[in-house]
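Notes follow once the structure below has been shown.
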Amino acid sequence: MDKNTAVKIENVSMMFNMASEKIYSIKEYFIKLVSGKLYFQEFWALRDISFEIKKGEIFGIIGLNGAGKSTLLKIIAGVLKPTMGRVYVNGTMAPLIELGAGFDFELTARENIFLNGAILGYSRKFMKEKFDEIVEFAELRDFLDVPLKNFSSGMQARLGFAIATIVDPDILIVDEILAVGDFHFQEKCERRINSMLEKGTTIVMVSHSIDQIERMCQRVLWLEKGRMKMIGNAKEVCEAYRNS
Ligand SMILES: Nc1ncnc2c1ncn2[C@@H]1O[C@H](COP(=O)(O)OP(=O)(O)OP(=O)(O)O)[C@@H](O)[C@H]1O
């Protein structure tokens, strides 16, 4: 792979098996499984996707609900293995996992900071050193000992973003997380993302805010029902998407 490439996706397709009827309990599942009455339907969430993201680039992925954006991010992050095709990643990655994916909602914000740190592979000592910076950025000092289930989605997003960006990874993945924060926090996130970009981090982001994608990204991929509809300059792709 070219040394200037951060991510290379080659003919990636992703198939999910979906039970063709609703199953209401594990017992029902096993009865159907054993009696051979469990039918699956193949569903292709992504079909034949190929593109490259250059190092230091900020790359956006857009598309309607169910277009396959999150699935593609998960494949880039290595959380999902594609059914077909290859993925090459050059550098360290801090996946900004979906909202709440790394959180335990019964635990307090303080406990979740350490839990998330452990999930991301950081030592307790490192998290202790970074603790104040995280709390400062997330502006949640008064809520440190509150269980996360009592946080609003915006507060959870603030905490998630603050934790995921304490180190400067080579590649940062941002999944829709900016959408839930308020205006003030979104600006703050954009500033942090821009400063990471200046330091050479590659950023891959998904957002339903086309204005935000157009403003922040250099190139954009538009997915439609799992296929590549258009890829190129952010302005051109966003314009075409708006007019579709
Ligand atoms: N684990 C799974 N099992 C079965 N189907 C799945 C799974 N994950 C995603 N899908 C399906 O794949 C399709 C693409 O989903 P995905 O979450 O990638 O879309 P998206 O573009 O991120 O949508 P949204 O804008 O609503 O977040 C959807 O139809 C979804 O139902």
Side-chain angles (χ1 to χ4, degrees), residues 7 9-26 28-30 32-33 38-51 53 58-87 89 93-103 119 152-154 156-157 160-161 164 171-181 186 189 203-217 219-232 234 237-238 240-244:
V7 178
I9 303 287
E10 228 174 52
N11 307 107
V12 160
S13 294
M14 184 76 206
M15 190 262 284
F16 291 114
N17 272 317
M18 290 199 298
S20 50
E21 52 185 315
K22 277 217 157 35
I23 296 165
Y24 295 98
S25 68
I26 294 193
E28 193 185 342
Y29 176 85
F30 279 111
K32 288 205 161 157
L33 189 68
L38 195 63
Y39 302 109
F40 289 106
Q41 238 173 350
E42 289 189 355
F43 176 79
W44 291 89
L46 292 173
R47 276 195 196 261
D48 203 20
I49 307 289
S50 298
F51 66 94
I53 302 174
I58 173 159
F59 188 89
I61 303 173
I62 59 173
L64 299 177
N65 289 135
K69 305 178 295 294
S70 298
T71 304
L72 185 54
L73 281 191
K74 283 180 195 151
I75 287 174
I76 295 173
V79 177
L80 284 177
K81 196 178 170 307
T83 315
M84 289 196 265
R86 286 168 179 278
V87 179
V89 171
M93 179 141 38
L96 231 176
I97 28 193
E98 282 165 293
L99 207 55
F103 288 139
I119 291 171
S152 70
S153 58
Q156 289 166 18
F161 188 87
I171 303 164
L172 176 76
I173 295 187
V174 188
D175 188 2
E176 202 57 75
I177 209 141
L178 302 178
V180 283
Q186 274 193 31
C189 289
I203 292 161
V204 190
M205 61 183 285
V206 163
S207 173
H208 279 287
S209 163
I210 301 304
D211 291 345
Q212 188 178 49
I213 291 273
E214 188 173 23
R215 185 172 65 243
M216 294 182 70
C217 295
R219 284 193 313 134
V220 170
L221 165 65
W222 170 9
L223 287 178
E224 193 178 72
K225 295 185 182 145
R227 294 180 190 270
M228 290 176 68
K229 171 89 173 174
M230 188 174 176
I231 185 167
V237 178
C238 290
Y241 181 73
R242 276 196 202 93
N243 294 331
S244 68

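Every number for a ligand or one of its atoms is a count from 1 in the order of the listing. These numbers come from the heavy atoms of this one structure, side chains and all, not from hydrogens, waters or symmetry mates.
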Considering only heavy atoms, which protein residues lie less than 4.0 Å from any atom of ligand 1?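 Answer by chain and number: F16, M18, F43, A45, L64, N65, G66, A67, G68, K69, S70, T71, H208.
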Does [X] reach the main-chain N or O of [Y] with its side chain, forming a donor-acceptor pair under 3.5 Å?
X	Y	value
K229	L221	no
K69	L223	no
S50	N11	yes

Heavy atoms, side chains only, cut-off 4.5 Å: are L46 and F16 in contact? no
State, yes or no, whether a side-chain contact exists between M14 and M84 at a heavy-atom distance under 4.5 Å.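 In short, these two side chains do not touch, never coming nearer than 4.5 Å.
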Atom CD1 of I9 and atom CG of D48: how far apart are they, to the nearest 0.5 Å? 12.0 Å
